[in-house]
Amino acid sequence: MKQDFYVVLGVQRDANETDIKKAYRKLAMECHPDRNNGDKSAEEKFKLVSEAYEVLRDPEKRAAYDRYGMAGVGRGQGGGGGGGFSSMHIDLSEALMVFMRDFGIAGGAGGGFESLFGGGPRRDRRRGHDIKVGLKLTLAEVATGTTKTVRIKSLESCPECAGTGAEPGTQPVQCGTCGGSGEVRRQAQSLFGQFLTISPCPTCAGEGTVVSSPCHRCGGEGRVKGEKTIQIDVPAGVADHHYLTLRGQGVPGPRNGPRGDLIAVLDIKEDPRFERHGDDLVHDLGITFTQAALGAEVQVPTPFGQTTLRVEAGTQTGMAYRLRSKGLPRLGEGGHGDLHVRIHVWTPTKLTAEQRKLLEQLSEVEDAPPEKESGKFWDTIRRALGHL
Ligand SMILES: [Zn+2]
Ligand SMILES: [Zn+2]
């Protein structure tokens with residue numbers, strides 16, 4: 001029985017590059033030697049799928065294979081005896097290289113592979129640092145969301161050499177240590193055969209090139225001191241000490257390496273009018289004895305401006321009114337929390353002669369508060385107090 005590379009990878013003959021890559025990755029992960037304790041049949045399969053992948057991922061080799069079969073890709077049947085094709089044409093270290101090349105960095109191969117390969121990213125440009133900024137917000141800004149402008153002093157890409165680090169008119173040259181690959185490889189022996197350790201090249205820090213005539217402005221770093229202004233959109237409903245991450249807005253890496261992130265840490269100013277409980281707010285409202293007794297319309301603040309509250313006749317200290325959806329926006333959920341208005345009946349401390357006279361008249365006709373044991377009324381008050 002002949003091995004067919006399409007069958008090996010389990011893909012259709014018209015499979016595209018992505019399908020092939022996916023199929024290979026899945027199979028290679030399953031039979032990777034590092035996951036199979038050096039099991040020989042897994043290793044054979046790993047070599048075979050790697051070889052199939054090497055041929056089918058390359059349009060030229062694939063075309064030749066489609067036309068001429070194994071002979072087209074220089075893999076004759078060795079005597080044509082009709083024996084099964086096996087992957088004797090690719091050795092384990094080559095197969096491991098294939099896997100590393102395409103999946104060693106971003107493949108998410110898992111801890112095992114990293115320990116095996118040293119985890120060194122290949123030809124990796126050094127990433128710049130993150131920048132942290134504090135962002136002061138008022139509760140009103142939290143309520144509506146806002147855009148803040150911040151000025152940041154840090155390193156910026158060198159305008160003289162466009163971040164390359166090479167003196168204008170010159171080019172970075174290939175690194176002599178690694179030959180431009182950005183990595184150094186060492187072969188090592190393990191239980192299941194040879195494997196390669198790969199680490200970033202110490203000379204070029206993984207970049208593959210070195211600067212022979214450094215830029216006079218940045219000294220070859222590709223970065224100079226600079227300042228920039230960034231607008232940060234703050235969504236409504238954020239909380240204190242939340243942070244917003246702006247990907248790629250941090251410091252550029254040396255010599256055009258990827259930028260770090262900008263991290264804005266939120267610092268929300270206390271608003272003396274409100275106590276914040278998540279998306280809900282509590283406001284303490286003082287009303288007069290007559291407003292409590294007769295009922296009244298009063299103005300209460302919300303983070304969005306004033307609103308009118310109808311205080312019912314007979315309102316007691318400790319009762320709370322809930323104004324639905326007058327609290328803060330729920331971050332990422334839509335809708336708003338509530339505003340709770342906690343009532344405090346204010347007892348006057350200084351009386352005019354007229355006020356005293358009226359109150360004395362009232363005292364002659366007013367009723368006493370209900371007895372404690374008359375239950376229900378005081379329960380309601382107690383519940384209202386306990387709630388907030
Ligand atoms: Zn420069
Ligand atoms: Zn190098």
Side-chain angles (χ1 to χ4, degrees), residues 34 50 54 57-58 91-109 113-133 150-190 194-230 246-262:
D34 198 31
S50 301
E54 272 305 88
R57 64 176 274 279
D58 180 326
D91 70 29
L92 182 61
S93 68
E94 284 177 299
L96 288 166
M97 275 304 300
V98 168
F99 185 76
M100 264 307 282
R101 180 197 61 215
D102 286 9
F103 298 105
I105 301 166
F113 296 126
E114 269 147 34
S115 63
L116 183 59
F117 295 115
R122 303 166 321 123
R123 226 196 141 112
D124 196 11
R125 312 213 65 114
R126 283 169 292 161
R127 181 179 180 273
H129 290 114
D130 295 339
I131 300 174
K132 225 179 208 181
V133 292
V150 290
R151 247 183 124 57
I152 292 165
K153 280 186 184 168
S154 79
L155 294 169
E156 282 305 313
S157 184
C158 172
E160 198 69 29
C161 60
T164 62
E167 179 69 7
T170 71
Q171 294 287 327
V173 294
Q174 201 177 66
C175 170
T177 308
C178 62
S181 69
E183 64 195 24
V184 285
R185 306 169 194 190
R186 245 176 339 109
Q187 281 213 340
Q189 209 64 35
S190 81
Q194 289 186 330
F195 67 91
L196 287 163
T197 58
I198 301 175
S199 46
C201 169
T203 306
C204 62
E207 291 175 26
T209 55
V210 288
V211 171
S212 52
S213 341
C215 165
H216 65 274
R217 174 120 183 236
C218 62
E221 251 273 303
R223 306 183 295 184
V224 287
K225 277 188 182 148
E227 221 177 281
K228 65 175 175 176
T229 304
I230 294 181
L246 281 74
R247 301 248 170 256
Q249 297 277 6
V251 182
R255 297 177 57 200
N256 283 334
R259 282 178 174 267
D261 299 332
L262 176 71

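Along the sequence shown, the residues carry numbers beginning at 1. Note that ligands are numbered from 1 as they come in the structure, with each ligand's atoms numbered from 1 the same way.
From Arg223, atom CZ reaches atom NZ of Lys225 across 12.0 Å, with rounding to the nearest 0.5 Å.
With sequence neighbours excluded, the residues satisfying side-chain contact (heavy atoms from CB on, under 4.5 Å) with Leu262 are Ile131, Val133, Ile152, Ile230, Ile232, Leu246, Gln249.
Screening the protein for N, O or S atoms under 2.8 Å from the Zn ion (ligand 2) yields 4; no waters enter the count.
Residue-and-atom listing of protein N/O/S atoms under 2.8 Å from the Zn ion (ligand 1), sorted by chain and number: Cys158 SG, Cys161 SG, Cys215 SG, Cys218 SG.
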Sequence neighbours excluded and cut-off under 3.5 Å, please list the side-chain donor-acceptor pairs for residues 210-217, or say none.
residue : atom : partner : partner atom : Å
His216  : ND1  : Glu167  : OE1          : 3.1
His216  : ND1  : Glu167  : OE2          : 3.1

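Among Gln171, Arg255, Gln174, the single residue meeting the side chain to side chain donor-acceptor pair (under 3.5 Å) criterion with Thr209 is Arg255.
Under the 3.5 Å distance criterion, the side-chain polar atoms of Asp261 are matched with a main-chain donor or acceptor of Gly248. Counting only distance, with no hydrogens or angles, the side chain of Asn256 and the backbone of Ala162 share a donor-acceptor pair below 3.5 Å. Of the possible donor and acceptor atoms, one in the side chain of Arg259 sits under 3.5 Å from a partner among the backbone N and O of Gly250.
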(request) List the steps, then state whether side-chain contact (heavy atoms from CB on, under 4.5 Å) holds for Arg151 with Lys228. (result) CA-CA 6 Å; Arg151 247 183 124 57; Lys228 65 175 175 176; over 6 Å; no
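Arg126 and Glu207 are joined by a salt bridge, as a carboxylate oxygen and a charged side-chain nitrogen come within less than 4.0 angstrom of each other.
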